[in-house]
S.K.: 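The following block contains the structure, expressed as structure tokens.
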Amino acid sequence: MSAPPGLTLRGALRAGGRALTPPLEIAFPAGAWSCLLGPSGVGKSTLLRVIAGLDDQPGQARIAASDGAPAAPRAALMAQEAALLPWLDLRGNVELGPRLRGVPPPPGRADSLLAAVGMAGMARRRPRGLSGGQRQRVALARLLMEERPIALLDEPFSALDAGLRARMQELAARLLAGRTVIMVTHDAAEAARMADRIILLGAEGARTLAPPPGRPPRPLDDPGALRAQAALLHAMRAMAA
Ligand SMILES: Nc1ncnc2c1ncn2[C@@H]1O[C@H](COP(=O)(O)OP(=O)(O)OP(=O)(O)O)[C@@H](O)[C@H]1O
């Protein structure tokens with residue numbers, strides 16, 4: 001996998017022909033975990049799609065990578081829904097990217113990734129009957145299969161119970177370490193635990209908040225993270241008003 005670049009988004013976010021935000025300039029540091037929060041509909045998913053090269057409109061925000069090379073081919077997106085194909089087994093779902101590109105997936109890679117996300121021995125199962133947490137694990141394995149240095153996560157753990165969410169955060173932090181990660185979340189506790197950088201996006205613009213001290217993932221009872229969570233909730237409450 002190539003070295004993860006830093007990213008800078010410049011310009012206004014647009015959707016359906018209208019501007020969602022004023023012109024923005026947001027930096028996402030290389031190899032760091034950035035969390036993006038903000039009111040519903042402000043354009044967080046749109047921002048991820050712009051980085052992934054899936055939302056390219058005239059006048060739309062543009063993304064620049066710190067090494068000058070295009071960002072989109074180096075980005076993998078984990079969407080809000082795990083979106084597993086019901087007619088493929090879990091191995092087939094994890095191998096979907098290379099198969100769609102007509103590239104043979106490395107033998108055994110999907111099974112070892114499934115094992116890494118705690119789904120060992122389940123490669124031949126179909127998605128039907130999997131729990132929400134299991135589906136998210138398969139989606140994470142599929143993202144890892146891409147071996148891209150930029151990982152874009154759109155509310156990846158929002159459907160999980162609190163205990164499983166905490167475990168998935170730790171798993172994702174371990175497996176995505178060193179990549180440039182941008183995670184959209186509505187969960188202030190998740191951002192305070194996971195972020196190297198916290199960005200609040202509102203209709204008025206973007207604001208960067210200092211992360212708590214210590215390296216992510218911070219312990220669940222980390223006092224700095226709990227204080228940051230409260231500060232973030234206050235900032236989000238003020239934004240939504
Ligand atoms: N293809 C599209 N055509 C028209 N409007 C769109 C399109 N895609 C998104 N929108 C609108 O753009 C706005 C931003 O959508 P987006 O999904 O980026 O918001 P979000 O901040 O991720 O919201 P949420 O937190 O609810 O997921 C919304 O009002 C949405 O309805």
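Counting starts at 1 for both ligands and their atoms, following the listed order. Values reported hereafter were calculated over all heavy atoms of this structure, with side chains retained and with hydrogens, waters and symmetry mates removed. Being a predicted model, the structure only gives us computed values, none of them experimental.
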S.K.: Which residue holds the protein heavy atom closest to atom 16 (P) of ligand 1, what is that atom called, and what is the gap in Å?
M.R.: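 The closest one turns out to be Thr46 OG1, 3.7 Å.
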S.K.: Does the protein put a heavy atom less than 4.0 Å from atom 22 (O) of ligand 1?
M.R.: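 Yes; the ligand atom in question has protein heavy-atom contact below 4.0 Å.
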S.K.: Can you pull out the closest protein heavy atom to atom 8 (N) of ligand 1? Residue, atom name and distance to 0.1 Å, please.
M.R.: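 Result: Arg49 NH2, 3.7 Å.
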S.K.: Looking only at protein heavy atoms, which one is nearest to atom 24 (P) of ligand 1, and how far off is it?
M.R.: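 I find the closest protein heavy atom is Ser40 OG, 3.6 Å.
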S.K.: Using a 4.0 Å cut-off to any heavy atom of His186, which atoms of ligand 1 qualify?
M.R.: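 Counting from 1, the qualifying ligand atoms are 25 (O).
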S.K.: Report yes if Gly43 has an N/O atom closer than 3.5 Å to an N/O atom of ligand 1; otherwise report no.
M.R.: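 Between Gly43 and ligand 1 (N or O atoms, distance only) the closest approach is under 3.5 Å.
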S.K.: Should Glu170 and Arg165 count as an ion pair when the cut-off is N to O under 4.0 Å?
M.R.: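 A salt bridge is absent here (no side-chain N lies under 4.0 Å from a carboxylate O).
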S.K.: Using residues 153-162 as the side-chain source, report each donor-acceptor pair under 3.5 Å to any protein atom, sequence neighbours left out, with the distance given to one decimal.
M.R.:
residue : atom : partner : partner atom : Å
Asp154  : OD2  : Ser45   : OG           : 2.8
Glu155  : OE2  : Gln80   : NE2          : 3.4
Glu155  : OE2  : His186  : NE2          : 3.4
Ser158  : OG   : Glu155  : O            : 3.2
Asp161  : OD1  : Gly163  : N            : 3.1
Asp161  : OD1  : Leu164  : N            : 3.0

S.K.: Quick one: does Gly41 get an N or O within less than 3.5 Å of an N or O on ligand 1?
M.R.: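 Yes, Gly41 has an N/O under 3.5 Å of an N/O on ligand 1.
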S.K.: Is atom 29 (O) of ligand 1 close to the protein, meaning a heavy atom under 4.0 Å from it?
M.R.: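 Within 4.0 Å of atom 29 (O) of ligand 1, protein heavy atoms are found.
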S.K.: Before accepting this row, confirm whether a basic side-chain N of the pair Arg101/Glu146 lies closer than 4.0 Å to the acidic partner's carboxylate O.
M.R.: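 Counted as a salt bridge, because a side-chain N and a carboxylate O are separated by less than 4.0 Å.
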S.K.: Roughly how far, to the nearest 0.5 Å, is CD1 of Ile198 from CD of Gln229?
M.R.: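 The distance works out to 10.5 Å.
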S.K.: Could you list which atoms of ligand 1 come closer than 4.0 Å to a heavy atom of Glu155?
M.R.: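 This gives 25 (O), 27 (O) as the contact atoms.
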S.K.: Using a strict cut-off of 4.0 Å, indicate which atoms of ligand 1 neighbour a heavy atom of Arg18.
M.R.: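 Taking each heavy atom of Arg18 in turn, ligand 1 has 29 (O) under 4.0 Å.
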S.K.: Atom 17 (O) of ligand 1: which protein heavy atom is closest, and how many Å away?
M.R.: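 Checked against all protein heavy atoms, atom 17 (O) of ligand 1 sits closest to Ser45 CB, 3.6 Å.
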S.K.: May I ask you to identify the nearest protein heavy atom to atom 4 (C) of ligand 1, giving residue, atom name and distance to one decimal place in Å?
M.R.: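 Among all protein heavy atoms, the one nearest atom 4 (C) of ligand 1 is Gly16 CA, 3.4 Å.
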S.K.: Side chain or backbone, does Gly38 bring an N or O within less than 3.5 Å of an N or O on ligand 1?
M.R.: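 The answer is no, given that Gly38 and ligand 1 share no N or O pair closer than 3.5 Å.
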S.K.: Can you find a protein heavy atom closer to atom 6 (C) of ligand 1 than 4.0 Å?
M.R.: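 It does; a protein heavy atom is within 4.0 Å.
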S.K.: For atom 27 (O) of ligand 1, what is the nearest protein heavy atom, given as residue, atom name and distance?
M.R.: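 Looking only at protein heavy atoms, the one closest to atom 27 (O) of ligand 1 is Gln80 NE2, 3.2 Å.
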S.K.: Does ligand 1 have a heavy atom under 4.0 Å from the side chain of Leu20, from its backbone, from both, or from neither?
M.R.: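 Side chain only; the backbone of Leu20 stays clear of ligand 1.
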S.K.: Near Arg227 CZ, under 6.0 Å, is it more than 12 heavy atoms from other residues, nucleotides or ligands?
M.R.: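 It does not: Arg227 CZ has 12 such atoms or fewer within range.
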S.K.: To the nearest 0.5 angstrom, please state how far the CG atom of Asp111 sits from the CE atom of Met119.
M.R.: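 Here the rounded value is 11.5 Å.
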S.K.: Between atom CG of Leu77 and atom CZ of Arg142, what is the distance when rounded to the nearest 0.5 Å?
M.R.: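 Answer for the CG-CZ pair, Leu77 versus Arg142, is 10.0 Å.
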S.K.: Which ligand 1 atoms, with their elements, are less than 4.0 angstrom from a heavy-atom of Lys44?
M.R.: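 Within the 4.0 Å cut-off of Lys44, ligand 1 contributes 18 (O), 19 (O), 20 (P), 21 (O), 22 (O), 23 (O), 24 (P), 25 (O).
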S.K.: Can you tell me if Arg74 uses its side chain to pair, donor with acceptor, with the backbone of Pro70 under 3.5 Å?
M.R.: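 Judged by distance alone, yes, a pair lies under 3.5 Å.
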S.K.: Identify the protein heavy atom lying closest to atom 12 (O) of ligand 1, giving its residue, its atom name and the separation to 0.1 Å.
M.R.: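 Minimum-distance protein heavy atom for atom 12 (O) of ligand 1 reads Ala15 CB, 3.2 Å.
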S.K.: For the CD atom of Gln169 and the CE atom of Met194, what is their distance to the nearest 0.5 Å?
M.R.: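 Reported value, rounded in 0.5 Å steps: 5.5 Å.
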S.K.: Do Leu96 and Met122 share a hydrophobic cluster, counting only Ile, Leu, Val, Met, Phe, Trp and Tyr and linking them when any side-chain heavy atoms are less than 4.5 Å apart?
M.R.: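 No: no chain of side-chain contacts under 4.5 Å links Leu96 to Met122.
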S.K.: State the CG-CD distance between Leu47 and Gln60, to the nearest 0.5 angstrom.
M.R.: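 That separation rounds to 9.0 Å.
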